[in-house]
> 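Starting off with a structure, shown below.
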Amino acid sequence: MPLPVVLHILGALPFCILGAFQFAPGFRRHRPGWHRLAGRLLVLCGLAAGLSGLWMTQFYPLLQTGLLYSFRMLFGSAMVLSIALGLVAILRRDIARHRAWMMRGYAIGQGAGTQALTGLLWVLIFSTPNQQTHEWLMGASWVINLVVAEWIIRRKSSKGRKMQKRAHKARPQQAIY
């Protein structure tokens, strides 16, 4: 059945390409309408890519062992969940959580690009990987992306906390009578 493949490609392409602009502060600040409109489209695209990927993993007789099947189900489910939680967060007007969950979902969605890089590096350094090594490299790619995303999320949130502490210390204390 080609429908899940088509949905996966049509969802993943805009999600991966346009999604990068969602994290650019200039676009969000100077074009908030574009950010909202693109965000709505990208939620649909990300969910289509994630859900169709899960469907193909479950029902297509691909050359995959239990390890790769597990990686695909885990990270595909995590992508769909992250996007859903990001949507819930923005509906509640929780910008920080929205940004964090969408960044996690986007990082997982970018897994295929990182898999190409890790696979290429492995081939250049060690030669063609066997099936098990290839599958571990694929899993490592999703983990690498998530680690980078978490580092960015935590770095930004710690900067925000430091700025809040400085602002609190700079305010004169009011006397309580």
Side-chain angles (χ1 to χ4, degrees), residues 7-32 34-57 64 67-122 133-165:
L7 286 175
H8 192 70
I9 293 167
L10 291 178
L13 279 174
F15 184 75
C16 290
I17 295 168
L18 287 177
F21 294 102
Q22 292 295 85
F23 299 105
F27 274 107
R28 288 193 317 269
R29 209 175 9 254
H30 299 297
R31 293 186 174 86
W34 182 90
H35 179 77
R36 281 187 204 102
L37 181 63
R40 289 177 179 129
L41 172 68
L42 292 172
V43 163
L44 293 174
C45 289
L47 291 174
L51 292 170
S52 62
L54 288 168
W55 195 93
M56 289 186 294
T57 299
Q64 63 184 353
L67 178 64
L68 184 54
Y69 171 84
S70 298
F71 282 154
R72 286 177 171 160
M73 293 303 287
L74 172 69
F75 290 109
S77 298
M79 179 180 165
V80 169
L81 181 62
S82 294
I83 293 169
L85 290 172
L87 179 60
V88 168
I90 199 61
L91 292 174
R92 291 182 176 165
R93 307 233 186 275
D94 188 342
I95 306 295
R97 278 204 172 110
H98 166 72
R99 177 178 161 77
W101 282 115
M102 295 310 278
M103 191 173 292
R104 290 176 185 116
Y106 184 73
I108 295 167
Q110 289 293 334
T114 307
Q115 289 165 359
L117 290 175
T118 57
L120 177 64
L121 286 172
W122 188 274
T133 301
H134 173 71
E135 292 178 4
W136 278 108
L137 287 169
M138 290 179 77
S141 297
W142 282 304
V143 171
I144 289 166
N145 286 4
L146 281 171
V147 166
V148 170
E150 286 299 323
W151 176 75
I152 292 168
I153 292 164
R154 294 181 192 295
R155 185 188 68 171
K156 295 232 181 231
S157 65
S158 71
K159 279 184 183 179
R161 281 193 295 270
K162 286 178 187 176
M163 290 175 63
Q164 283 178 339
K165 285 181 183 177

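Quick note: numbers below take in every heavy atom, side chains included, and nothing from hydrogens, waters or symmetry partners. When a residue number appears, it is its place in the shown sequence, counting from 1.
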> So do the side chains of Tyr106 and Gln110 get within less than 4.5 Å of each other, counting heavy atoms only?
yes
> If you define the side chain from C-beta out and look only at heavy atoms, does anything of Trp142 sit under 4.5 Å from Arg72?
yes
> In Å, rounded to the nearest 0.5 Å, how long is the span from CG of Leu120 to CG of Leu137?
11.5 Å
> Measuring from Leu87:CG to Leu44:CG, what's the distance to the nearest 0.5 Å?
9.0 Å
> Please indicate whether Arg28 has more than 12 foreign heavy atoms, meaning atoms of other residues, nucleotides or ligands, lying under 6.0 Å from its CZ.
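Yes, the 6.0 Å shell around CZ holds more than 12 heavy atoms from other groups.
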> What's the shortest heavy-atom distance between Ile9 and Pro14, and which atoms?
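It is O-CD, 4.4 Å.
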> Does any N or O in the side chain of Ser52 come within less than 3.5 Å of the main-chain N or O of Ala49, such that one atom is a donor and the other an acceptor?
yes
> Mind checking whether Phe75 and Val143 have side chains closer than 4.5 Å, heavy atoms only?
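Yes, close enough: below the 4.5 Å cut-off.
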> Kindly indicate whether the side chain of Ile108, heavy atoms from C-beta on, has any atom under 4.5 Å from the side chain of Asn145.
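A side-chain contact is absent here, since even the closest heavy-atom pair is not under 4.5 Å.
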> What are the two closest heavy atoms between Met138 and Leu68, and how far apart are they?
SD-CD1, 3.7 Å
> Looking only at non-hydrogen atoms, find the nearest pair between Ala107 and Ala149 and report the distance.
CB-CB, 3.8 Å
> As an exercise, state the distance from CD of Glu135 to CD of Gln115, rounded to the nearest 0.5 Å.
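Interatomic distance, Glu135 CD to Gln115 CD, rounded to 0.5 Å: 11.0 Å.
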> Checking Thr118 now: which residues fulfil side-chain hydrogen bond (donor to acceptor under 3.5 Å, both in side chains) with it, not counting sequence neighbours?
Ser141
> Of all the heavy-atom pairs spanning Leu42 and Phe15, show the shortest one and how long it is.
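So the minimum-distance heavy-atom pair works out to O-CD1, 3.4 Å.
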> Please report the shortest heavy-atom distance between Gly86 and His98, naming the atom on each side.
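So the minimum-distance heavy-atom pair works out to O-ND1, 2.9 Å.
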> Using a 4.5 Å cut-off on heavy atoms from C-beta on, say whether the side chain of Met56 contacts that of His8.
yes
> Any side-chain heavy-atom pair from Ile83 and Met79 closer than 4.5 angstrom?
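They are in contact (side-chain heavy atoms under 4.5 Å apart), so the answer is yes.
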> Is the closest side-chain heavy-atom distance between Leu85 and Arg97 below 4.5 Å?
no
> Under 6.0 Å from the CH2 atom of Trp136, do we count more than 12 heavy atoms belonging to anything else shown?
no
> Among all residues two or more places apart in sequence or in another chain, which pass the side chain to side chain contact (heavy atoms under 4.5 Å, CB included) test with Ile153?
Ala100, Met103, Arg104, Glu150
> Please report the shortest heavy-atom distance between Cys45 and Gly11, naming the atom on each side.
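Taking Cys45 first and Gly11 second, the nearest heavy atoms are CB-O, 3.3 Å.
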> Within this structure, what is the CZ-NE2 distance for the pair Phe21 and His35, rounded to the nearest 0.5 Å?
13.5 Å
